[in-house]
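Below is one structure, written out as structure tokens, with a few remarks after it.
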Amino acid sequence: MDPISDTAPSDFIRDIIADDFKTNRHEGRVATRFPPEPNGYIHIGHAKSVCLNFGIAAQYGGTCNLRMDDTDPAGESLEFVESIIQDIHWLGFDWQDRLFFASDYFEQLYAFAVELIRAGKAYVCSLDADEIREYRGSFTEPGRESPYRNRSVEENLDLFARMRAGEFADGEHVLRAKIDMASPFIVMRDPVIYRIKRAPHHRTGEAWVIYPMYDFAHCLSDALERITHSICTLEFENNRPLYDWFVDQLISWDHPRQIEFARLNVSYTVLSKRRLIELVENGHVSGWDDPRMPTVAGMRRRGYTPEAIRNFCAEIGVAKNDTVVDIALLEHCVRQDLNDRAPRTMGVLKPLKVVIDNYPEDRTETFTCPNHPQNPVLGSREVPFSRVLYIERDDFMEDPPKKYKRLGPGREVRLRNAYVIRYASHNRDAVGGEVTEVHCAIDPETRNAPPADGRKVEGVIHWLSAAHAAPAEVRLYDRLFSVPDPAAAGDDFVKFLNADSLEVLKGCFVEAGLTEAAPGARFQFERTGYFCLDEKDSRPERLVFNRIVALRDSWSKGQGKA
RNA sequence: UGGGGUGUCGUCAAGCGGUAAGACACAGGCCUUUGGAGCCUGCAUUCGGAGGUUCGAAUCCUCCCGCCCCAGCCA
């Protein structure tokens, strides 16, 4: 699929770029990048940024690099690098040979730092972390200059070289930019640009004991890659003066421009990396790819399509307002996409046995059922019918309300793609009183035809021949949290976890043909929802389905149910 | 509190001095062998508030108010 053909959105960033493009500001180039830190899996919020950066590049015939922002080995790993690569590819984007790592630039970055020292614009500071914080001042008071601020260039050069050589303990010294301790931009008060940190790096191993800070590494990495528009989220707006400062000091060529947009929030879930890590590490979910997770891996396993996610990202737009997008919009995009392409099938989640009294025990016939009622291109399949059927337990009521259009005493109902059946009797369990079996009679005239006498049969229910159906496990997923804004509870957000976010149904039945479906294949179980074969747990002999999203259901809504 | 941002329908979001797009949600109706899908209709006399400029303001000016971000050797 061509990502940019999904829709052609317009937003303030594209306006800026269109203008730069028109005025030939970067020699007519458009170069963006998506710069994740490989310390977690990417989620729907990252997907917004991925679509933005890759989408813009494609729109202008430019390039978008994938750059791992791996400047802090703590928490970063190859597992995350690999998952990020897989997830962005799956979303439908490609960076060809332009996969980069900030760690690729460590040597160059070190040289930039030396250059800054030589220019008298950086110094080695030997204050400890607490002291640096104290010296930084506050929102209302300016900071004070470090006593080490005026070390000589020679001493700074020597100390910095020895920092790199591993002569000092972690935290003993840092390299700082010499800017302005009184700046209202706190980030400009002599920011730390290198720290000593003995931690093995997933790519550079033990080669370095000093690592550059984000503010230093990011803008210069952008410049080294000749990025024209460095798009990031709003919280970096305060850092922009520093971004520009480093570039102004060290870069002689075309300067990249940082542009900030509002990060995505989605109702009934959390998107901060810290919180997602907590969900995974504390076992609240089964892993990063738990189908309830808002991660790309989770959504993929859940059965969401890349197209649906891209459409969602196009729908929500790009602006600078803090927003919380209704998760219903995401669900809408998933339904909209799946409605067009998911083949129909019948699945009985909570079976109730129905016996057709006037149908011979030894008889089986086959119905040809369209795989998509509006799209014949998807073909059809044969579905067997016999005397004993399963229907959905919810499709029978002993004492139904008047607007109920399904089966009940004295009622008749259409079996989807098959006969009209009329209620005859039903049995109940002697102990629990639960309905165990319903007896019905078919109207043989109604085999794929309306009743001959012109009477109207309103209800249509799905069914399966008991002798032919395949058993399956079905996992019903619901929103991860029970409140729209779980993050509002701060660290207590886990107390709003939705206890019913996963319901495992064991005794389900599906059409036998699904036994041959490919892992990950998506279907609509008619009248119920969209489901996919779980890629990890499903086996032909033990089918496991994930509910991707339920169908819109105006009946249960009117009944005041979920 | 100093600084940086931002306030348009329940939720996103267009609008860029000429008289409030669209989407989701919601509510009705039509249609229907998925209570699905589809279709139709309704849904901001008003743009955080108050003044002002103008023939005309969501758009320009002034003041006020709310919300978000910044005091990591995280990104």
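Protein chains get the first letters and strands the later ones, always in sequence-line order, with residue 1 at the start of each. The analysis underlying the following values was restricted to heavy atoms, covering all of them including side chains, and did not include hydrogens, waters or symmetry mates.
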Counting distance alone, no hydrogens or angles: does the base of [N] have a donor or acceptor under 3.5 Å from a partner atom on the side chain of [X]?
{"X": "A/Asn238", "N": "B/G5", "answer": "no"}
{"X": "A/Arg406", "N": "B/G35", "answer": "yes"}
{"X": "A/Gln374", "N": "B/G36", "answer": "yes"}
{"X": "A/Glu141", "N": "B/U1", "answer": "no"}

Check this for me, if you would: do A/Asp170 and A/Lys197 make a salt bridge, where the nitrogen-to-carboxylate-oxygen distance has to be below 4.0 angstrom?
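Answer for the salt bridge query: no.
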
One thing to verify: whether A/Arg406 and A/Glu392 come together as a salt bridge, which I'm taking to mean a side-chain N less than 4.0 angstrom from a carboxylate O.
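Salt bridge absent between A/Glu392 and A/Arg406.
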
How does each nucleotide of nucleotides 6-13 of chain B score, in 5' to 3' order, for protein heavy atoms under 4.0 Å: base (B), sugar-phosphate only (S), or none (-)?
SS---SSS

What are the two closest non-hydrogen atoms of A/His201 and A/Glu76, and how far apart are they?
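Heavy-atom minimum between the residues: NE2-OE1, 4.0 Å.
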
So which atom in A/Phe385 and which in A/Ser465 form the shortest heavy-atom distance, rounded to 0.1 Å?
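Taking every non-hydrogen atom into account, CA-CB, 4.2 Å.
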
OP1 or OP2 of [N] less than 4.0 angstrom from a side-chain nitrogen or oxygen of [X], does that happen here?
{"X": "A/Ser554", "N": "B/G36", "answer": "yes"}
{"X": "A/Arg527", "N": "B/G35", "answer": "yes"}
{"X": "A/Arg195", "N": "B/C74", "answer": "yes"}

Inter-nucleotide [atom1] distance ([N], [M]), Å rounded:
{"N": "B/G17", "M": "B/A57", "atom1": "C1'", "result": "6 Å"}
{"N": "B/U6", "M": "B/A14", "atom1": "P", "result": "13 Å"}
{"N": "B/C39", "M": "B/G7", "atom1": "P", "result": "33 Å"}
{"N": "B/C70", "M": "B/A75", "atom1": "P", "result": "15 Å"}
{"N": "B/U45", "M": "B/U34", "atom1": "C1'", "result": "43 Å"}
{"N": "B/G3", "M": "B/C47", "atom1": "P", "result": "29 Å"}

Under the rule syn = chi within 90° of 0, otherwise anti, which is B/G72?
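Syn, angle within 90° of zero.
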
A/Trp555 stacking on B/G35: centroids under 5.5 Å, ring planes under 30°?
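Yes; by the centre-distance and plane-angle rule, A/Trp555 counts as stacking on B/G35.
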
Nearest-nucleotide pick for A/Phe139, side chain only, options being B/G4, B/C70, B/G35
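The listed nucleotide nearest to A/Phe139's side chain is B/C70.
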
Parallel, tilted or perpendicular: which describes the rings of A/Tyr110 and A/Phe160, with under 30° parallel and over 60° perpendicular?
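Because their plane-to-plane angle is under 30°, the rings of A/Tyr110 and A/Phe160 count as parallel.
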
Verify the distance criterion only: is there a donor paired with an acceptor across the side chains of A/Asp19 and A/Thr23 at less than 3.5 Å?
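Side-chain D/A pair, A/Asp19 to A/Thr23: absent.
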
Test A/Asp222 against every option in A/Arg67, A/Arg257, A/Gln258 by the side-chain hydrogen bond (donor to acceptor under 3.5 Å, both in side chains) rule and name the one that passes.
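Only one of A/Arg67, A/Arg257, A/Gln258 forms a side-chain hydrogen bond (donor to acceptor under 3.5 Å, both in side chains) with A/Asp222, namely A/Arg67.
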
Nearest-Å distance for atom pair CZ/C1', residues A/Phe216 and B/C74
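In whole Å, B/C74 C1' and A/Phe216 CZ are 17 Å from each other.
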
